[in-house]
Amino acid sequence: MARLQRFYGGNPRDWLETLPLALVRAFARMLPRLEAEETLRNWGTGSLAAGLVKPHEARRLRSQLSRAAGGNRKPVPATPQGLAMIGVAVTIVGPDGKEPSHG
């Protein structure tokens with residue numbers, strides 16, 4: 001159960017009481033694959049950190065890891081509407097630091 005929760009998260013009680021058994025079994029069947037992927041990734045990053053990787057392989061590995069981490073996405077500019085959706089209040093001020101008067 002702990003291994004399932006480590007990879008998939010969630011509430012431990014849900015794993016035992018709420019999730020359908022078929023889903024828990026499907027998740028459990030994927031654990032060896034997920035662990036193998038994690039081991040390969042750790043092996044690659046360890047080799048990279050230790051300087052055991054040729055420069056062209058280091059660039060390839062770094063590129064793969066960056067893509068997997070979403071590092072190649074361009075940032076989305078913040079807008080007052082988008083910030084409001086996540087609970088951030090926005091106050092527009094002029095160059096003098098004061099709110100424009102609406103009158």
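As a basis for the values below, the full set of heavy atoms in this structure was taken, side chains included, without hydrogen atoms, waters or symmetry mates. Bear in mind that the values here come from a model prediction, so they are computed numbers and not experimental data.
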Same hydrophobic cluster for Leu31 and Leu16, using side-chain heavy-atom links shorter than 4.5 Å among ILVMFWY? yes
Between the main-chain N or O of Glu35 and the side-chain N or O of Thr39, is there a donor-acceptor pair closer than 3.5 Å? yes
Is it true that Glu57 and Arg60 have a side-chain N and a carboxylate O under 4.0 angstrom from each other? yes
Nearest 0.5 Å please: distance from the CG atom of Leu19 over to the CG atom of Asn11. 9.5 Å
Do Arg25 and Arg29 come within less than 4.5 Å of each other through their side chains, counting heavy atoms only? yes
Report yes or no: do Leu40 and Leu34 belong to one cluster of Ile/Leu/Val/Met/Phe/Trp/Tyr joined by side chain heavy-atom distances under 4.5 Å? no
If the threshold is 4.0 Å, N to carboxylate O, is there a salt bridge linking Arg33 and Glu37? yes
Under 4.5 Å between side-chain heavy atoms, counting indirect links through other Ile/Leu/Val/Met/Phe/Trp/Tyr residues: same cluster for Ile92 and Val88 or not? yes
Which atom pair, heavy atoms only, marks the closest approach of Thr45 to Leu61? N-CD2, 4.1 Å
Please report the closest heavy-atom contact between Val53 and Ala58, naming both atoms and the distance. CG1-N, 3.4 Å
